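Before any comments, here is the structure.
Worth saying up front: this structure is predicted, and the values here are computed from it rather than measured.
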Amino acid sequence: MRHPVAKISEIAQGTSKLVKVDDDKVLIFHLSDGVYATEARCTHLFRSMEKGKIVEDKCVQCPLHRARFDIRTGEVVEWANFPPGVQLLNAVRKEKALKTWPVEVEGNQIFVVA
Ligand code: FES
């Protein structure tokens with residue numbers, strides 16, 4: 001089912017917007033080659049990534065322990081590494097990709113297919 005979630009004119013290239021799709025909080029990213037959707041909660045310790053940093057038109061970095069995820073695939077690019085010592089937590093919080101959803105754009109309208 002297609003969910004209209006935002007207008008592309010609301011999300012400047014290189015930024016993201018938090019939306020809700022059914023019961024999921026979803027981040028909509030506007031990158032140089034299109035629009036992408038990932039879950040908004042970091043898979044490490046569930047911090048919201050609404051204020052996550054977009055790195056090199058490719059990754060989103062969690063603001064808490066700096067895990068980085070590929071926005072296009074959800075895959076982990078670098079697992080939590082900050083502050084020093086967080087690696088102890090990582091023994092029980094193994095790498096896990098972000099969920100992603102297909103996105104369609106028609107004119108100015110962005111749809112998430114869920
Ligand atoms: S909660 Fe995101 S890296 Fe730890």
Side-chain angles (χ1 to χ4, degrees):
M1 181 177 174
R2 291 195 335 163
H3 301 265
V5 291
K7 306 286 186 200
I8 200 158
S9 56
E10 299 170 339
I11 311 173
Q13 188 177 315
T15 68
S16 64
K17 178 182 170 95
L18 182 67
V19 301
K20 217 160 172 227
V21 177
D22 294 329
D23 290 333
D24 293 310
K25 288 184 177 174
V26 175
L27 278 172
I28 308 296
F29 293 92
H30 186 180
L31 300 184
S32 62
D33 63 347
V35 180
Y36 299 89
T38 74
E39 68 179 296
R41 251 178 19 159
C42 179
T43 55
H44 182 237
L45 283 181
F46 315 118
R47 173 68 173 255
S48 169
M49 293 203 295
E50 184 179 5
K51 299 203 183 323
K53 184 170 151 191
I54 298 174
V55 181
E56 295 173 359
D57 193 48
K58 180 179 190 316
C59 300
V60 58
Q61 178 176 286
C62 176
L64 191 53
H65 306 117
R66 301 182 184 172
R68 286 187 181 188
F69 301 89
D70 187 309
I71 293 166
R72 292 170 178 86
T73 66
E75 293 299 317
V76 174
V77 173
E78 187 173 347
W79 200 223
N81 61 20
F82 180 85
V86 76
Q87 291 76 11
L88 292 172
L89 258 179
N90 295 349
V92 290
R93 297 299 307 168
K94 300 293 185 196
E95 290 188 16
K96 185 178 177 195
L98 293 177
K99 184 175 177 183
T100 61
W101 290 266
V103 171
E104 295 174 2
V105 178
E106 274 181 23
N108 193 30
Q109 183 65 54
I110 302 169
F111 299 90
V112 167
V113 183

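For Arg66 and Gln61, the side-chain atoms include no donor-acceptor pair closer than 3.5 Å.
Once rounded to the nearest 0.5 Å, the distance linking SG of Cys59 with CD of Glu75 reads 11.5 Å. We find the CZ-SG distance between Arg68 and Cys42 to be 13.0 Å, quoted to the nearest 0.5 Å.
A search for salt bridge (Lys or Arg N to Asp or Glu O under 4.0 Å) contacts involving Lys58 returns Asp70, not counting sequence neighbours. By the ring pair (Phe, Tyr, Trp, His ring centres under 6.0 Å) test, His65 pairs with His44, sequence neighbours left out. Among residues two or more places apart in sequence or in another chain, the salt bridge (Lys or Arg N to Asp or Glu O under 4.0 Å) test is passed with Glu104 by Arg2.
For the residue pair Met1 and His3, the shortest heavy atom distance occurs at O-CD2, 3.3 Å. Annotation for Gln87 and Ala80: closest pair NE2-O, 4.5 Å, computed over non-hydrogen atoms. Across every non-hydrogen atom of Gly52 and Pro63, the tightest pair is CA-CD, 4.0 Å.
Annotation for Leu98: hydrophobic cluster partners, listed by chain and number, are Leu18, Leu27, Phe29, Leu31, Tyr36, Met49, Ile54, Val60, Phe69, Ile71, Val76, Trp79 (ILVMFWY side-chain heavy atoms under 4.5 Å, direct or chained). Annotation for Ile11: hydrophobic cluster partners, listed by chain and number, are Val5, Ile8, Val19, Val21, Val26, Ile28, Val35, Trp101, Val103, Val105, Ile110, Val112 (ILVMFWY side-chain heavy atoms under 4.5 Å, direct or chained). Clustering of Ile, Leu, Val, Met, Phe, Trp and Tyr by side-chain heavy atoms under 4.5 Å joins Phe111 with none of the others. Listed by chain and number, the hydrophobic cluster partners of Val86 are Leu45, Leu89, where partners are ILVMFWY side chains within reach of under 4.5 Å, directly or through others.
For residues 27-39, the salt bridge (charged side-chain N to carboxylate O under 4.0 Å, His left out) pairs, not counting sequence neighbours, are Asp33-Arg72. Counting only residues at least two apart or in different chains, side-chain hydrogen bond (donor to acceptor under 3.5 Å, both in side chains) contacts with residues 18-32 comprise Ser32-Asp57. For the salt bridge (charged side-chain N to carboxylate O under 4.0 Å, His left out) condition, the pairs that include at least one residue of residues 3-19, sequence neighbours left out, are Glu10-Lys17. Listed by first and then second residue, the salt bridge (charged side-chain N to carboxylate O under 4.0 Å, His left out) pairs involving residues 42-53 amount to none (not counting sequence neighbours).
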